[in-house]
Amino acid sequence: MSFPSRIDDITVEWLNEVFTKKKVLTTDRIIGFNAELLDKQGTTSRLYLITLLYNRDAAQGPCRIIAKFSSDDVEINNMVRTFRGFQREVSFYEAFGADAGIPVPCCYASGYNADDNSCMLLMDYIDNTRERNVETATIEDIEMAVEHLAIFHAKWWGKVREIKNVCSEHAPFLLDRRVREVTIALEKIHNRYSDDVGRTAISLLEFWLSNVRLLTEYLEKGPLTLCHSDFHPQQILFPIAEDDPFCVIDWQFVSSDCGPADLSRIIHTGLLPELRKENERELVEKYYALICRYGVTGYSLEKLWTHYLLGILKIIVLNARVFTVQDIPLALQWWEANGPKEISLWELLFRWPGQAIEEHGGVSVISRIVQKGDIRK
């Protein structure tokens, strides 16, 4: 079945065909719908809230759904094409969505067209949830995310055959792009922003750039699992009350990778530094205990900490992208008007993760990987 690439292409007939095929509807029928463009959009997609009207009040199907389309901005569309974001998200829902091992929206229909990089996802609207950020997330929120993450990772841990068609986080097309981004970023940082970014983050970016192949070879040894690869609080719908749902969204960066990369991301983007320091070890050990409980063997806590530190380094590397995709003065203006109060953009992107690596003696741990090609498990 072909897919609509914009909201105007969605019809009552198509919706009935989708829900009948999925056996969501058997006797009931959709007789109309209202579509509302959501004010809060992702940077790469257009989201619509669709309210469905049925032929009777107590119909079988959902009352509200989300239609997600690729952006109609050519520049944004081309940028997403470079990391295959739409293709990866559609593939995730088609291959894993029904039994991912972590709560995700039910996907009723999907489509991707490589010719114009268009995509469509028709998903459940998840009610009674709230988003969080580093300023508003609580330790209870992050504990919940870590618990779900560990179970998810354990489900796919070391299962190369099941995840072989998932994009590798270390694929050459991604790695080469990051090398270019970090190279450009370092030049701009040295010219103007070295005091803002800080010496620690600069040294780590320089170290990564000089040793990227060896670090990549180490990470490719795994063990690998299925990862969200952008697992921060704004990609999670947290429950408002005890019985409300928890749900993970936005799977454009899904990949096979070392699981602690996701763990680093949620802890360091979800907790302010003092809260992170107080709870980090307990969260990492909770993750380790859970993956072991759910079947992971032959993986030491020491190895997990090494992968975790490399995950923090990855945060700094990915954040260097800001120098290639943003006009920095404009980004700083936006941050001052819209970002969390009393938190600078430079702290969030570079200084805090750099400090965390220093706290853990991570520079020497990561250096040993380069010097020896591996460290003891």
Is any NZ, NE, NH1 or NH2 atom of the basic residue among D72 and R6 found under 4.0 Å from an Asp or Glu carboxylate oxygen of the other? no
Could you pull out all residues at least two apart from D243 that satisfy side-chain contact (heavy atoms from CB on, under 4.5 Å)? none
Under the side-chain contact (heavy atoms from CB on, under 4.5 Å) rule, collect the residues that match up with R192, sequence neighbours excluded. none
Is there any ring-ring contact (aromatic ring centres under 6.0 Å, His included) pair reaching into residues 104-131, and which pairs are they, with sequence neighbours excluded? F19-Y108
Which Ile, Leu, Val, Met, Phe, Trp or Tyr residues join I31 in one cluster when any pair of side-chain heavy atoms under 4.5 Å counts as a link? L53
Could you pull out all donor-acceptor pairs under 3.5 Å where a side-chain atom in residues 345-354 meets a protein atom, sequence neighbours excluded?
unit_1 : atom_1 : unit_2 : atom_2 : d
E347   : OE1    : S344   : N      : 3.0
R351   : NE     : D196   : O      : 2.9
R351   : NH2    : D195   : O      : 2.3
R351   : NH2    : D196   : O      : 3.4

What I want to find out is whether R213 reaches D176 closely enough, with some N-O distance under 4.0 Å, to be called a salt bridge. yes
Cluster membership besides L290, Ile/Leu/Val/Met/Phe/Trp/Tyr side chains within less than 4.5 angstrom, sorted by chain and number, is I151, Y294
Looking at residues at least two apart in the chain, or sitting in another chain, which of them share a side-chain contact (heavy atoms from CB on, under 4.5 Å) with V296? A154, W157, I291, Y299
Residue pairs passing the side-chain hydrogen bond (donor to acceptor under 3.5 Å, both in side chains) test where at least one lies in residues 85-103, sequence neighbours excluded: K68-E89, E94-S110, D99-K155
Show the nearest heavy-atom pair for residues F238 and P233, with the distance to one decimal. CE1-O, 3.7 Å
Residues that, via side-chain heavy atoms closer than 4.5 angstrom, fall in one hydrophobic cluster with L224: none
Can you give me the closest heavy-atom contact between F92 and A100, atom names plus distance? CZ-CB, 3.9 Å
Hey, are the side chains of I366 and W208 touching, using non-hydrogen atoms and a 4.5 Å cut-off? no
With sequence neighbours excluded, what pairs up with K277 under the side-chain contact (heavy atoms from CB on, under 4.5 Å) test? E274, E359
Which atom pairs, donor and acceptor, lie under 3.5 Å between side-chain atoms of residues 257-271 and protein residues at least two apart or in another chain?
unit_1 : atom_1 : unit_2 : atom_2 : d
D257   : OD1    : H170   : NE2    : 3.0
D257   : OD2    : K314   : NZ     : 3.3
D262   : OD1    : S229   : N      : 2.9
D262   : OD2    : H153   : NE2    : 3.0
D262   : OD2    : H228   : N      : 2.9
S264   : OG     : P260   : O      : 3.0
S264   : OG     : Y308   : O      : 2.6
R265   : NE     : D230   : OD1    : 3.3
R265   : NH2    : D230   : OD1    : 2.9
H268   : NE2    : E280   : OE2    : 3.2
H268   : NE2    : Y308   : OH     : 3.0
T269   : OG1    : R265   : O      : 2.4

Apart from I126 itself, which Ile, Leu, Val, Met, Phe, Trp or Tyr residues share its cluster (side-chain heavy atoms under 4.5 Å, direct or through members)? L237, I249
